[in-house]
Amino acid sequence: MKTRSRREVVTFRHSFQIRGIDHPLSAGRYEVITDEEMIDGLSFASYRRVATTIIVPAASHGSKMEMFSIGPVDLADAQRIDASMPDD
């Protein structure tokens with residue numbers, strides 16, 4: 001099966017929380033990777049999402065970055081909440 005990965009950078013203006021990550025994350029820019037696989041048997045190219053991950057600074061001192069699997073709806077919710085918060 002053919003797979004592809006899309007990378008995007010999302011920016012949060014305020015600290016935020018996403019389900020699946022047990023600690024709050026600071027405001028800033030975060031890389032989000034979406035893996036998709038091609039749906040076979042169609043007369044046109046179509047893909048379905050199979051995984052969404054976010055790369056964040058490590059909470060422990062042993063490594064610099066961590067990658068967490070997150071839900072796309074949870075990411076959208078966090079972005080919506082961030083956009084609705086007033087700037088300081």
Side-chain angles (χ1 to χ4, degrees):
M1 209 168 255
K2 275 188 169 179
T3 60
R4 68 181 182 186
S5 294
R6 281 188 305 111
R7 294 175 180 264
E8 68 177 308
V9 175
V10 296
T11 302
F12 288 91
R13 297 178 301 155
H14 309 90
S15 62
F16 65 102
Q17 186 95 31
I18 290 185
R19 187 181 351 202
I21 302 176
D22 63 354
H23 58 279
L25 299 170
S26 301
R29 296 166 47 97
Y30 293 86
E31 184 174 9
V32 174
I33 303 167
T34 302
D35 295 328
E36 301 170 318
E37 65 183 14
M38 182 177 269
I39 300 171
D40 289 331
L42 300 176
S43 60
F44 55 92
S46 184
Y47 290 82
R48 73 172 148 247
R49 181 184 353 244
V50 293
T52 302
T53 55
I54 188 169
I55 300 172
V56 303
S60 66
H61 300 289
S63 61
K64 296 190 184 251
M65 302 301 276
E66 292 179 301
M67 182 181 274
F68 288 95
S69 180
I70 59 170
V73 173
D74 297 327
L75 176 60
D77 287 346
Q79 290 176 295
R80 180 183 46 76
I81 292 166
D82 183 65
S84 70
M85 295 178 70
D87 287 332
D88 296 335

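No experiment lies behind these values; they were computed from the predicted model shown.
Across R19 and I70, no two heavy atoms sit closer than the pair O-CG2, 4.3 Å. Between F16 and A78, the closest heavy-atom pair is CD1-CB, 4.3 Å. Closest non-hydrogen pair, M38 versus Y47, comes out as CE-OH, 3.3 Å.
Here the CD atom belonging to Q17 is positioned 13.0 Å from the CG atom belonging to D77, to the nearest 0.5 angstrom. Separation of atoms CG (D35) and OG1 (T53) is listed at 6.0 Å; rounding is to 0.5 Å. Put simply, OG1 on T11 and CZ on R29 are 5.0 Å apart, with the number rounded to the nearest 0.5 Å. Here the straight-line distance linking atom CD of E8 with atom CD of E31 works out to 9.5 Å at 0.5 Å rounding.
Annotation: R4, atom CZ; neighbour count of heavy atoms from other residues, nucleotides and ligands within 6.0 Å is above 12.
Put simply, the side chain of I21 reaches to within 4.5 Å of the side chain of F68, judged on heavy atoms. Counting only heavy atoms from C-beta outward, the side chains of D87 and H14 approach each other to under 4.5 Å. Here the side chains of M85 and R13 are not in contact, with every heavy-atom distance at 4.5 Å or above. Between M67 and I33 the shortest side-chain heavy-atom distance falls below 4.5 Å. Residues Y30 and L25 form a side-chain contact, since some pair of their non-hydrogen atoms from C-beta on lies under 4.5 Å apart.
Follow the hydrophobic side-chain contacts under 4.5 Å out from V10 and you never reach I55; the two are in separate clusters. I18 and I81 are members of different hydrophobic clusters when ILVMFWY side chains are connected at heavy-atom separations under 4.5 Å.
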